[in-house]
Amino acid sequence: MEQFKNNVKKRIDILGKEISWMLAEHADTAVGEVSVKQLLGGMRGLTALVCNTSFVDPYRGLFISDYAIPEFADKLPEEVFYLLCAGKFPSETELAELQEEFSFRAELPEYLWTFIRQLPHHLHPMTMFSLCILALEGQSVFKQRYEAGELTKSEYWELMLEDALNLVAKLPVIAAAIYRIHLLREEPIDYRPSLDWGANLANMLGVNPELSFAELVRLYMVLHCDHEGGNVSAFTSRVVNSALSNLYYATSAGLNGLAGPLHGLANQVCLKFIRAIHERFGESPSTDQLDDFVKEELKAGRVIPGYGHAVLRVTDPRFTAFMEFGNRHCPNSPYLQTVKKLYYVVPTILKAYKAGKVANPYPNVDAISGTLLYHYGITHFDFYTVMFGISRTFGFCAQSIIALGLNQPIIRPKSVTNNWLKEFLKSKNAPSETEE
Ligand code: CMX
């Protein structure tokens, strides 16, 4: 792993030099202002973080380093993990080395197997997944070395990388065990060192032997791996890690954020949404029926899952990449057909909804991802967010490795009260509450 470490170090050094220059020359230059609306509106659009692993362009979607989705969608998850950490794709030898490391580190400690088997079946799979990662926390090499007083600050990132390799290697085994033991009520399938990381996950789930299923799992892992620094799960994980809580704590925390219906759980909700449509109208609903259904949902005060985004202002390129996969491998799936019809119907309705207040009426990745998993036999759709979580852990890990390599401090923005804000506005001679 020396070459991988060297490449991550090289990247940290380059970024570090840039940061030193920016701080030396421009430490007090303002990059924007904060409006009252942003302060009270989830900090939307506020530039307040630096994240060097990936970037989301509102009109072009996710970029990892300089690569847009079409340039990395056909890569292996391991290659994308490397890219997130080192800022470059691995050579053939570097890839083989990383794959070997993952195989070598995939084995779960015996106590975790006991823990997984003893979890109550009724827990949501995302809860089980997060608990399992938390239960591995004592294995953190960073924690052990830190507690032993053996670490200097400049070494933190290396230990994060070590923890990341151990964690990422084990995720497919943990997730597949949860799926088989608790959702299928069957025995787990052994890890196979001869398979790549994504194919292993596909194989251990044991739902579909087709090669295209492994291809889908790899694509799923690649497309969900990171989405810059401000989304709920990545931000949570980074904040937790900034207190030097180890990557197991940070990952579990990030996953708990991903579990929300406005974030990663939306893929599960989307599948339920499509099933509700099929139950009502059959598997080939007309666009008029969909139009009625969507309007009814909005009238009942519910959001349309899989539509809208806090940053994107176009159809999510991850949605498009999945659609291309679906068109190639399962064009006749009734679920995919309904996703397509919804794509035709929903944006027009959302554009007119709430007087045009919906900032992005187009689909995000969650509008389609579950459909493809369902087609290939992952019919327990409360597992879909776990799949998202396995992949998103790549981003959590890479963001923390880079941030600690750059010596970034604990995250601690300032909050204010309504009273503070009112006094501030008064000092600006803004009209007061009673004058309105
Ligand atoms: N259906 C109905 N209303 C929607 C909507 C949707 N799909 N998307 C946005 N809106 C509404 C918001 O609820 C908000 O209404 P209020 O002001 O009355 O509360 C209004 O439009 C403006 O919201 P926005 O600025 O367009 O969107 P936000 O940045 O606040 O929220 C998101 C973004 C994703 C939470 C929102 O679009 C949503 O709830 N979508 C459905 C859930 C979903 O698909 N989530 C997954 C996102 C991808 C991911 O993170 O995994």
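Hydrogens, waters and symmetry mates play no part in the numbers below; they use all other heavy atoms, side chains included. No experiment lies behind these values; they were computed from the predicted model shown. Atoms within each ligand, like the ligands themselves, are counted from 1 in listed order.
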**OP:** Kindly say whether L134 contributes a backbone atom to a donor-acceptor pair with the side chain of E137 at under 3.5 angstrom?
**Re:** no
**OP:** Assert yes or no for the condition that the ring centre distance of Y220 to F322 is strictly below 6.0 Å.
**Re:** yes
Original post:
Under 4.0 angstrom from atom 48 (C) of ligand 1, is there any protein heavy atom?
Top reply: yes
Subject >> Option set K354, H309, H263, R318, criterion heavy-atom distance to atom 19 (O) of ligand 1, minimum >> reply: K354
**OP:** Step through the shown structure and confirm whether more than 12 heavy atoms of other residues, nucleotides or ligands are within 6.0 Å of CG on L211.
**Re:** no
Original post:
Backbone or side chain, does any N or O of L298 fall under 3.5 Å from an N or O of ligand 1?
Top reply: no
Original post:
Do S103 and Y191 have side-chain atoms, one donor and one acceptor, less than 3.5 Å apart?
Top reply: yes
Subject >> Expected output: side-chain H182 to main-chain H124 donor-acceptor under 3.5 Å >> reply: no
Subject >> N or O contact, Y353 vs ligand 1, cut-off under 3.5 Å >> reply: no
**OP:** Please check atom 16 (P) of ligand 1 for a protein heavy-atom neighbour under 4.0 Å.
**Re:** yes
Subject >> N or O contact, L262 vs ligand 1, cut-off under 3.5 Å >> reply: yes
Original post:
Would one find an N or O of A359, backbone or side chain, under 3.5 Å from an N or O of ligand 1?
Top reply: yes
Original post:
Distance only, no hydrogens: is a donor on one side chain within 3.5 Å (strictly under) of an acceptor on the other, for S130 and S252?
Top reply: yes
Subject >> ligand 1 contact by N231, heavy-atom criterion under 4.0 angstrom >> reply: no
**OP:** Indicate whether atom 32 (C) of ligand 1 is within a distance of less than 4.0 angstrom of some protein heavy atom.
**Re:** no
**OP:** May I ask you to list the atoms of ligand 1 that are less than 4.0 angstrom from any heavy atom of F388?
**Re:** 51 (O)
Original post:
Can you tell which part of N267 has a heavy atom less than 4.0 Å from ligand 1: side chain, backbone, both or neither?
Top reply: neither
Original post:
Can an N or O of V303 be found at a distance shorter than 3.5 Å from an N or O of ligand 1?
Top reply: no
Original post:
With distance as the sole criterion, is a donor-acceptor pair present between the side chains of Q399 and N241 under 3.5 Å?
Top reply: no
**OP:** Report yes if R302 has an N/O atom closer than 3.5 Å to an N/O atom of ligand 1; otherwise report no.
**Re:** no
Subject >> Pair H227-S54, side-chain donor/acceptor within less than 3.5 Å >> reply: no
